[in-house]
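See structure below.
Residue numbers begin at 1 in each chain, while the letters A, B, ... track the order of the sequences.
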Amino acid sequence: MNNYQVPKGTKDVFGEEITKWHKIEDLIKQFTYVYNYTEIRTPIFEHTEVFKRGNDSSDMVNKEMYTFIPANSSTSITLRPEGTAGVARSFVENKMYGNTDLPAKLYYVGPQFRHESPQKGRLRMFNQFGIECIGAKNPLLDVEAISLGYSFVAAIGLQDLKVLLNTLGDDESRANYREALKEYFKDEISNMCPDCQRRYIQNPLRILDCKVDAHKPIMNNVPKMSDYLNEESKAYFKQVCDGLDALDIPYEIDDRLVRGLDYYTHTVFEVVSENSAMGSQCTIFAGGRYDGLVEYFGGPACSGIGWAMGIERLLLACEGEGIELAEEANLDAYVLCLSKNANIHAFKVLNELRANGYRSETDYLDRKFKAQFKSVERYKATVAIMIGDKDIENGTVTIKRIADQKQFVIKFEELITTMDEIFGETDEHAHTCNCGNEGCTCGEHDHSTNE
RNA sequence: GCGAUUGUGGUGAAGUGGUUAACACAACUGGUUGUGGUCCAGUCAUUCGUGGGUUCGAUUCCCAUCAGUCGCCCCA
């Protein structure tokens with residue numbers, strides 16, 4: 001009993017669903033094009049150290065990675081849990097800091113892997129569209145990145161969105177803040193959740209993220225990042241805010257927003273959907289600025305900004321807001337075969353149609369005429385082309401335009417010109433021949449209306 | 001990793017410790033042998049996620065397992 005099924009947290013995408021993906025992918029190409037981002041395709045697995053760096057405190061790195069050592073190897077490999085690290089690695093490895101106009105503006109689309117418990121909006125293999133802009137530190141680039149993502153989701157039609165923004169400041173500001181937090185939680189930490197006790201040591205900022213302790217009184221008067229920013233960090237953040245204002249991008253400053261990945265500095269943001277269809281996973285895209293990553297991979301000191309968008313979540317949000325992305329698979333022509341003898345002739349017609357770019361299909365199940373006609377309907381074919389014994393004798397085919405039920409018997413040689421006429425028309429009724437005879441296919445008359 | 005809940009044909013979905021597993025949709029066939037959508041009739045689950053156990057007998061009860069869904073957590 002072979003009961004094969006997809007691994008937990010993965011899914012097959014096909015049929016109508018895949019047309020939604022194509023639509024999204026087309027839009028990604030359009031938006032990245034005008035913002036002058038180019039695509040990068042990095043491996044979906046990397047050496048484990050690319051993701052597991054230093055004292056990374058994130059769950060993603062510590063608990064959720066697909067890490068393995070392949071047979072006949074001693075090198076630890078990890079399926080990428082996120083896109084930024086691989087891009088930063090590639091930026092350094094390919095010496096993009098020297099070869100390209102900086103900043104390098106790169107985007108990627110592809111699967112990411114995290115071993116989590118699946119639920120709505122959370123899969124073990126999921127797809128992200130992400131951008132990374134590396135090699136320049138300018139608040140306008142932070143704004144540009146947010147603008148690209150925001151206008152992208154806005155173009156799709158999403159409305160129940162909220163942009164959350166915060167700054168973590170530079171190293172100095174963050175170090176001061178970290179000390180302030182440690183001091184603040186010093187006496188209380190032993191009463192807090194085990195995760196927070198770990199965070200207290202590894203990365204106190206993330207205590208702010210904690211949901212377990214969120215309601216405790218101690219959380220009410222937590223020192224604010226904004227009080228510990230040095231002048232430079234404050235000025236940087238102000239320029240980001242000013243830029244967003246200038247582009248009319250609405251946002252809320254959320255001083256608890258610290259993000260789960262440890263490499264962020266300065267700007268961090270999260271764009272969430274407030275639609276009820278989202279369940280508890282409501283972040284559509286999120287990211288921020290990172291300063292140390294390029295150096296970590298052995299490159300020069302280079303700042304970057306980027307974000308990643310969960311495509312499955314984007315699709316969920318679209319569904320929730322009633323945005324229809326699926327495209328109907330309309331056929332141009334369905335070829336009906338009316339007798340066994342006509343089989344090969346019908347097949348030739350089919351081939352001729354396809355050679356001329358018409359999306360065509362026929363019946364391969366030897367179904368009755370009636371059943372074949374149902375396929376015409378199901379495929380929403382523009383025309384039905386019928387071929388039977390009579391047509392074989394006469395060298396003709398019968399072509400029926402479904403929209404107006406008009407039907408013509410034409411010579412096989414006229415097939416494509418007739419199709420071109422039908423499909424070339426912009427006016428629905430232009431094909432009706434001026435000679436007055438219904439269904440006229442004489443080909444002698446001029447079928448254009450303005451003559 | 002923890003908790004809750006679900007799992008019956010292509011789809012939706014009833015149901016029972018006893019064997020013909022409702023009904024609807026879809027599909028196919030015929031009425032209508034070269035013209036679809038309507039109508040009528042017929043056909044379509046040796047099987048109830050998978051594996052064990054209890055039982056004379058399990059789709060039904062029990063256990064395990066896999067998967068879905070929803071929370072926690074985490075994050076896109």
To the nearest angstrom, how far is A:Leu164 atom CG from B:A76 atom P?
13 Å
For B:C28 versus B:A64, give the span between their P atoms, rounded off to a whole number of Å.
45 Å
Less than 3.5 Å apart, any donor N or O on the side chain of A:Thr67 or A:Ser76 sitting next to an acceptor on the other?
no
For A:Ile284, report the nucleic acid contact type (base, sugar-phosphate, nothing); a contact means any heavy atom under 4.0 Å.
sugar-phosphate
Can a cation-pi geometry be assigned to A:Lys374 and A:Tyr379, taking NZ or CZ under 6.0 Å from the six-membered ring centre and within 45° of the ring axis?
no
Does B:A76 pair with anything, Watson-Crick or G-U wobble, both distances under 3.5 Å, and if so, with which nucleotide?
none
State whether A:Tyr200 and A:Lys182 meet the cation-pi test: NZ (Lys) or CZ (Arg) under 6.0 Å from the six-membered ring centroid, and within 45° of the perpendicular axis.
yes
Heavy atoms under 4.0 Å, any strand shown: does A:Phe285 hit a base, just sugar-phosphate, or nothing?
sugar-phosphate
Rounded to whole angstrom, note down the P distance from B:G15 over to B:U54.
29 Å
Of the listed nucleotides (B:G34, B:C72, B:C75), which one gets closest to any side-chain atom of A:Arg114?
B:C75
For A:Phe369 and B:G34, do the ring centres fall under 5.5 Å apart while the planes stay under 30° apart?
no
Select base, sugar-phosphate, or nothing to describe what A:Gln112 touches, counting heavy atoms under 4.0 Å on all strands.
nothing
When the C1' atoms of B:U8 and B:C48 are compared, how many Å lie between them, rounded to an integer?
4 Å
Can you check whether A:Gln5 has a side-chain N or O nearer than 4.0 Å to OP1 or OP2 of B:A67?
no
A:Ile28 CD1 to B:A76 C1', straight-line distance once rounded to whole Å
13 Å
I'd like to know if the side chain of A:Asn127 pairs up with that of A:Gln112 as donor and acceptor (distance under 3.5 Å, no hydrogens or angles considered).
no
Determine which nucleotide pairs with B:U47, using a 3.5 Å limit on both distances of a Watson-Crick or G-U wobble pair.
none
Under 3.5 Å, is there a donor on one side chain and an acceptor on the other for A:Tyr290 and A:Glu132?
yes
Could you tell me whether the phosphate oxygens of B:C75, OP1 or OP2, come under 4.0 Å of any side-chain nitrogen or oxygen in A:Arg313?
no
Of A:Lys368 and A:Lys8, whose closest RNA chain B nucleotide lies nearer the 5' terminus?
A:Lys368
Identify whether any heavy atom of A:Ser339 sits under 4.0 Å from a base atom; if not, whether one sits that close to sugar-phosphate; answer base, sugar-phosphate or nothing.
nothing
Measure from CZ on A:Phe126 to P on B:C74 and round the result to the nearest Å.
16 Å
Please report the shortest heavy-atom distance between A:Ile392 and A:Ala342, naming the atom on each side.
CD1-CA, 3.4 Å
Under 4.0 Å, counting only non-hydrogen atoms across every strand here, what does A:Asp389 touch: a base, just sugar-phosphate, or nothing?
base
Taking pairing as Watson-Crick or G-U wobble with both contacts under 3.5 Å, can you name the mate of B:G3, or confirm there isn't one?
B:C70
Looking across every strand, which nucleic acid part, if any, lies under 4.0 Å from A:Gly9 by heavy atom: base, sugar-phosphate, or nothing?
sugar-phosphate
Between A:Lys370 and A:Gly388, the residue closer to the 5' end of RNA chain B by nearest nucleotide is A:Lys370
Between the side-chain atoms of A:Arg122 and the base atoms of B:C70, is any donor-acceptor pair under 3.5 Å?
no
Counting only side-chain nitrogens and oxygens, does A:Ser375 get under 4.0 Å of the OP1 or OP2 atom of B:G36?
no
Roughly how many Å is it from CD in A:Glu82 to P in B:C75, rounded to a whole number?
12 Å
Separation of the C1' atoms in B:C66 and B:A26, to the nearest angstrom
29 Å
For B:G1, does OP1 or OP2 lie under 4.0 Å from any side-chain N or O of A:Lys63?
no
Give the nucleotide from the list B:C28, B:C70, B:G1 with an atom nearest to the side chain of A:Arg367.
B:C28
Starting at CE of A:Met60 and ending at P of B:A76, how long is that distance when rounded to a whole Å?
7 Å
At under 4.0 Å between heavy atoms, what does A:Gly121 touch on the DNA or RNA strands: base, sugar-phosphate, or nothing?
base
Base, sugar-phosphate, or nothing for A:Leu123, non-hydrogen atoms under 4.0 angstrom?
base
Answer yes or no: side-chain N or O of A:Gln281 and base N or O of B:C74 forming a donor-acceptor pair under 3.5 Å.
yes
A:Ser147 and A:Tyr35: side chain donor to acceptor below 3.5 Å:
yes
If you compare every side-chain N and O of A:Lys400 against the phosphate oxygens of B:U35 (OP1, OP2), does one of them come in below 4.0 Å?
no
Can you tell me how far P of B:G68 sits from CD of A:Glu116, to the nearest Å?
14 Å
For the side chain of A:Gln405, starting at C-beta, report the closest nucleotide among B:G36, B:G71, B:U29.
B:G36
Measuring only the C1' atom in each nucleotide, how far is B:C61 from B:G17? A whole number of Å is fine.
8 Å
Across all strands shown, which nucleotide pairs with B:C61 by Watson-Crick or G-U wobble geometry, both distances under 3.5 Å?
B:G53
Quick one: is B:G68 close enough that its OP1 or OP2 comes under 4.0 Å of any side-chain N or O from A:Arg124?
no
Could you tell me if A:Ser303 and A:Asp291 have a donor-acceptor pair between their side chains, going purely by distance under 3.5 Å?
yes
B:C23 versus B:C56 - spacing of their P atoms, nearest Å:
34 Å
Rounding to an integer number of angstrom, what distance separates B:G37 and B:U47 when you compare their C1' atoms?
35 Å
Is there a donor in the side chain of A:Ser273 and an acceptor in the side chain of A:Asp160, or the other way round, less than 3.5 Å apart?
no
Ignoring hydrogens and angles, state whether a donor on the side chain of A:Arg114 or A:Tyr66 is under 3.5 Å from an acceptor on the partner side chain.
no
Taking the same atom, P, in B:G10 and in B:A27, what whole-Å distance lies between them?
16 Å
Counting only side-chain heavy atoms from C-beta out, which of B:C70, B:C74, B:G36 sits nearest to A:Ile402?
B:G36
Nearest-neighbour nucleotide for the A:Phe373 side chain, B:C73, B:U35, B:A76 considered
B:U35
Can you tell me if A:Thr283 touches the phosphate of B:C75, counting only side-chain N or O atoms and a distance under 4.0 Å to OP1 or OP2?
no
A:Asp59 CG to B:C2 C1': how many Å, rounded?
14 Å
Starting the side chain at C-beta, find the nucleotide from B:G1, B:C28, B:G34 nearest to A:Ser117.
B:G1
A:Lys374 side chain: which of B:G36, B:C70, B:G68 is closest?
B:G36
For the pair made of CD1 in A:Ile385 and P in B:U35, what is the distance, rounded to whole Å?
18 Å
